[in-house]
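Given the structure is predicted, the values throughout are model-derived calculations rather than measurements. Naming convention: chains lettered A, B, ... in sequence-line order (proteins, then strands); numbering from 1 in each chain.
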Amino acid sequence: MIRLYHLGKSYGSHDALVDVNLHIPKGDFVYITGPSGAGKTTLLKLLYGAEHPTSGKLLVGGIDASKLSDRQLPHLRRNIGVVFQDFKLIPNRTVADNVGLALEVLGMDRNDISRRIRAVLNTVGLRGRENSLPTDLSGGEQQRVAVARAIVNDPAILLADEPTGNLDGAMAVEVMEILLAVNLRGTTVMVATHDTGLMNRFPNRKLRFENGRLVKS
Amino acid sequence: MNSTTEHLIRRGLRSCWENLSLNAMVVSVIGAALILAGTYLQVIHNLDKVMTSWDRDVHISAYFYGNDPSEHQFSIMDEIAAMPAVEEVLHLSEEDAAVFLTERLPDVAPIIEEFGAEVLPASLEITLRPEYTRPELIQEFVDEITRHDFEEIDYGQEWVRKFESFLSMLQALGTVIGSLIMIASVFLVANTMHLVVYARRPELETMKLVGATFGFVVTPFLIEGAILGLLGGIVATCGLIAIHSLLFARVGEYLNLAMSNESLVFLPASWVTLLVLVGVILGMAGCYKAVNKFWKAAS
């Protein structure tokens with residue numbers, strides 16, 4: 001599903017990622033771990049096309065994502081669900097609008113969108129909150145809206161950047177269980193986290209980064 | 001209507017309501033630009049109308065030499081009357097000219113009495129058909145009748161030609177100024193729309209990250225821009241009507257347009273439609289520019 005060949009990313013003289021070689025098969029569940037500044041978020045950004053690699057090759061589903069033009073990039077992103085560390089919810093849009101955004105860009109019918117929003121909100125435990133604004137929700141609920149938006153279109157890949165970073169223990173477990181459920185449906189899931197407790201509770205493959213280098217795969 | 005089109009139109013309309021104050025500013029900018037352009041067009045349109053009425057009224061006076069026998073004068077008159085450009089030819093003998101002149105300038109009557117009517121030359125008063133009243137055609141006609149050996153041919157077209165040159169210059173100047181106004185308007189609209197785009201940046205960024213194409217993001221803004229442009233066009237039309245009734249009509253009355261006997265008119269409906277259309281294009285261009293700038297920066 002995802003292959004990285006000698007992937008590197010630099011910001012000026014700072015190397016965020018150095019010579020990363022990696023293979024993540026379809027349907028895998030992977031933790032990306034390491035201290036702050038290790039390159040976890042940079043790797044995720046490269047995967048969903050928010051950044052372009054400085055060197056190396058990045059294959060996502062057989063497509064060289066590093067060579068995609070601005071016109072082709074949206075089509076890649078439609079197959080990748082992303083849960084952002086800061087949620088990236090639109091504050092003046094309802095929960096349903098936020099979640100439905102990922103379906104609207106696909107040109108889906110309104111009735112289908114409503115049906116799928118109801119189903120996914122049910123999955124993440126937010127049934128009945130369709131018309132709430134993100135500002136009316138708790139941090140945990142906002143995180144679940146972000147997860148709902150990322151999985152509503154059944155993406156092939158789900159990337160989550162510190163999805164439990166702002167949550168208490170019980171809420172973090174709930175979110176992890178949702179991600180594992182998504183993985184069980186066949187979605188490749190990559191979770192950037194440094195929460196060792198969660199990684200021990202839900203053991204899966206770990207990729208450890210330090211100073212931009214993959215030190216343990 | 002498919003769901004994507006429906007969604008894009010819904011978002012465009014919603015955005016119009018959600019950013020009322022900024023959108024009011026865009027409408028004002030477009031309205032002001034179109035009022036400037038429309039006022040200029042109204043001036044040009046009326047000057048052009050006056051020019052046309054003057055062109056319609058072209059008379060040529062061809063004066064014979066004093067010793068030219070009247071039989072010869074009438075044969076020339078017949079020849080000229082047969083020319084396709086000519087609508088009417090009148091022969092004015094020395095006596096007719098004396099009567100004509102003393103009627104209009106009674107003070108010269110004693111002079112004419114003293115020297116005799118023959119002091120004034122006989123002439124042909126030629127009226128051209130309307131389709132032959134353009135300056136270059138008049139000049140062609142005059143060149144052609146010159147072969148008849150008139151003492152002098154007088155057609156008051158020289159100053160009309162100069163006025164027409166002035167009008168052409170005014171039109172060229174107006175095109176330059178109008179273009180500058182329109183370019184400035186696009187920038188003003190784009191900058192104002194940039195504020196709207198900036199206010200909605202989180203939404204647009206998120207849309208981009210979930211796979212929205214540029215077309216998907218920009219289309220609602222284009223719809224919004226078209227609506228704002230249309231409103232700007234309507235505002236400008238109302239403004240121009242007000243300017244016409246309050247200012248133009250009064251100036252027209254004051255000048256009385258003695259030379260054309262025609263009052264100042266409002267722009268034709270086709271011009272007003274064109275002006276509104278320009279407003280729509282301005283609104284869309286400004287919005288496109290603002291979103292494009294955001295999109296490139298976000299890339």
(request) For the residue pair Pro202(B) and Ile90(A), establish whether any side-chain heavy-atom pair is separated by less than 4.5 Å. (result) no

(message) Strictly distance-based, threshold 3.5 Å: is any side-chain N or O of Arg78(A) a donor or acceptor partner for the main-chain N or O of Gly211(B)?
(response) yes

(request) For residues Tyr48(A) and Leu209(B), determine if any side-chain heavy atom of one lies less than 4.5 Å from a side-chain heavy atom of the other. (result) yes

(message) My understanding is that only one of Asn153(A), Asn98(A), Val105(A), Val82(A) makes a side-chain contact (heavy atoms from CB on, under 4.5 Å) with Val210(B); could you say which?
(response) Val105(A)

(request) Measure the CG-CZ distance between Leu106(A) and Phe216(B) for me, rounded to the nearest 0.5 Å. (result) 9.0 Å

(request) Check for a donor-acceptor pair, side chain of Arg77(A) on one end and backbone N or O of Lys208(B) on the other, with a separation under 3.5 Å. (result) yes

(message) A quick test of your reading: do over 12 heavy atoms of other residues, nucleotides or ligands sit less than 6.0 Å from CZ of Arg127(A)?
(response) no

(message) In the structure I gave you, are the side-chain heavy atoms of Arg10(B) and Arg110(A) within less than 4.5 Å of one another anywhere?
(response) yes

(request) Answer yes or no: is there a side-chain heavy-atom contact under 4.5 Å between Glu104(A) and Met207(B)? (result) no

(request) Report the distance from atom NZ of Lys296(B) to atom CG of Asp70(A), rounding to the nearest 0.5 Å. (result) 10.0 Å

(request) May I ask you to check whether over 12 heavy atoms, not counting those of Phe202(A), lie within 6.0 Å of atom CZ? (result) yes

(request) Could you grab the distance from atom CD of Glu203(B) to atom CZ of Arg93(A), nearest 0.5 Å is fine? (result) 4.0 Å

(request) Could you tell me which non-hydrogen atom of Thr206(B) sits nearest to which non-hydrogen atom of Arg149(A), and how far apart they are? (result) CG2-NH1, 3.3 Å

